[in-house]
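Quick caveat, the model's predicted, so the values are computed rather than measured.
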Amino acid sequence: SFVDKSGRYLMLGGQENLQIDVVNIDEVQVEVEKIFANNITHFLRQNSYSYYDDSYYYEPYYDTYGLGKTIYNKEIKLDNKSNWLNQIDINVNEALGGRYNGIYLITVRSNRDRWRRTSKILAISDLGIIAKRSSNNYYVFLNSISKAEKISGVKVDVISNNNQTLLSGVTDNNGVV
């Protein structure tokens, strides 16, 4: 399982490593899929943020349902000592191969027992987004996380849960639309 069970965001320019705990598995397959931008709404709706099934145990497994493309696949052999914890690091820089900004699905599974798996949805961006609604207006504020500066000239679309554009605009000199 992923060591950090709740984190979903990586800032551009950080170490961009994910750590996985593995027990009693001698080889894992790491797969990274990029979700196509036009499929993000549907993907997130299909893969809710609920981690628990009817038995109430931690089971974070997601599927792209063909809404993305595999961009990285690697097999990692482990020093498998019975009942000992192995920790492996996945370097997201290596896995993405220079591709950034987007929603990714990272899946780690046993090569032998394919049902033994875990996955994580990961968003990589330098954009900080705040959305607010008043009684008759919507406001969206954009800033760069790494520079802590407002971002102007960015097209912003507000998309419904059925993938329809509700509102659209461009940020002004204050990073607001």
Side-chain angles (χ1 to χ4, degrees), residues 1-23 25-78 86 88-129 131 140 142 145 154-169:
S1 67
F2 286 89
V3 173
D4 181 357
K5 293 176 178 35
S6 62
R8 298 187 199 292
Y9 304 98
L10 284 181
M11 187 177 83
L12 288 176
Q15 288 188 358
E16 296 166 356
N17 286 322
L18 298 174
Q19 194 170 59
I20 311 284
D21 287 341
V22 180
V23 177
I25 296 176
D26 53 2
E27 186 175 22
V28 296
Q29 176 187 13
V30 178
E31 181 180 77
V32 178
E33 296 173 84
K34 179 168 180 148
I35 308 306
F36 297 128
N38 61 321
N39 291 332
I40 289 173
T41 302
H42 184 65
F43 171 76
L44 292 175
R45 195 170 27 139
Q46 290 294 100
N47 293 287
S48 71
Y49 290 118
S50 173
Y51 290 123
Y52 300 93
D53 69 3
D54 294 337
S55 304
Y56 298 104
Y57 66 92
Y58 185 72
E59 182 57 46
Y61 178 71
Y62 305 101
D63 195 332
T64 61
Y65 304 102
L67 300 174
K69 177 182 177 182
T70 300
I71 61 170
Y72 179 80
N73 212 326
K74 181 178 183 179
E75 293 182 1
I76 301 172
K77 292 190 184 291
L78 304 169
N86 278 308
I88 58 173
D89 289 320
I90 298 172
N91 183 282
V92 177
N93 285 324
E94 174 190 331
L96 298 183
R99 299 174 195 92
Y100 293 106
N101 291 333
I103 306 292
Y104 297 88
L105 178 65
I106 300 175
T107 303
V108 179
R109 65 174 57 88
S110 166
N111 265 359
R112 186 172 30 119
D113 301 320
R114 305 289 286 171
W115 54 270
R116 295 179 69 189
R117 63 188 180 218
T118 187
S119 59
K120 186 176 207 59
I121 299 171
L122 185 65
I124 301 179
S125 177
D126 187 46
L127 291 179
I129 303 171
V140 177
L142 290 181
I145 295 171
V154 175
K155 183 182 179 207
V156 175
D157 293 324
V158 176
I159 300 175
S160 69
N161 65 355
N162 61 354
N163 211 26
Q164 302 302 303
T165 300
L166 301 175
L167 302 168
S168 189

Atom pair [atom1] ([X]) and [atom2] ([Y]), whose distance is rounded to the nearest 0.5 Å:
{"X": "I103", "Y": "I40", "atom1": "CD1", "atom2": "CD1", "result": "5.0 Å"}
{"X": "Q164", "Y": "I159", "atom1": "CD", "atom2": "CD1", "result": "9.5 Å"}
{"X": "T41", "Y": "L67", "atom1": "OG1", "atom2": "CG", "result": "10.5 Å"}
{"X": "D89", "Y": "E94", "atom1": "CG", "atom2": "CD", "result": "11.5 Å"}
{"X": "R112", "Y": "D26", "atom1": "CZ", "atom2": "CG", "result": "5.0 Å"}
{"X": "L142", "Y": "D126", "atom1": "CG", "atom2": "CG", "result": "11.0 Å"}

Next item on the list: Output all residues satisfying salt bridge (Lys or Arg N to Asp or Glu O under 4.0 Å) with K69, sequence neighbours left out; order by chain, then residue number.
Entry: none
Considering all heavy atoms, the nearest [X]-[Y] contact:
{"X": "L122", "Y": "L18", "result": "CD2-CD1, 4.2 Å"}
{"X": "K34", "Y": "N101", "result": "NZ-O, 3.1 Å"}
{"X": "I145", "Y": "S125", "result": "CD1-O, 4.3 Å"}
{"X": "T64", "Y": "G68", "result": "CB-N, 4.3 Å"}
{"X": "Q29", "Y": "N73", "result": "NE2-OD1, 2.6 Å"}
{"X": "R109", "Y": "T107", "result": "NH2-CG2, 3.5 Å"}

Check: Ignoring hydrogens and geometry, is there a side-chain-to-backbone donor-acceptor pair from S119 to Y62 under 3.5 Å?
Finding: yes
Next item on the list: Measure from the side-chain N and O atoms of D63 to the backbone N and O of Y65, and report whether any donor-acceptor pair falls under 3.5 Å.
Entry: yes
Item checked: V156/I129 under side-chain contact (heavy atoms from CB on, under 4.5 Å): CA gap, chis, key distance, verdict -> CA-CA 10 Å; V156 175; I129 303 171; over 6 Å; no
Next item on the list: Check whether any side-chain heavy atom of Y104 sits under 4.5 Å from a side-chain heavy atom of I71, and report yes or no.
Entry: yes
Check: Would you call N163 and H42 a side-chain contact if the rule is heavy atoms closer than 4.5 Å?
Finding: no
Checklist line | Chi angles and distances behind the side-chain contact (heavy atoms from CB on, under 4.5 Å) call for V28, I20 | finding: CA-CA 11 Å; V28 296; I20 311 284; over 6 Å; no
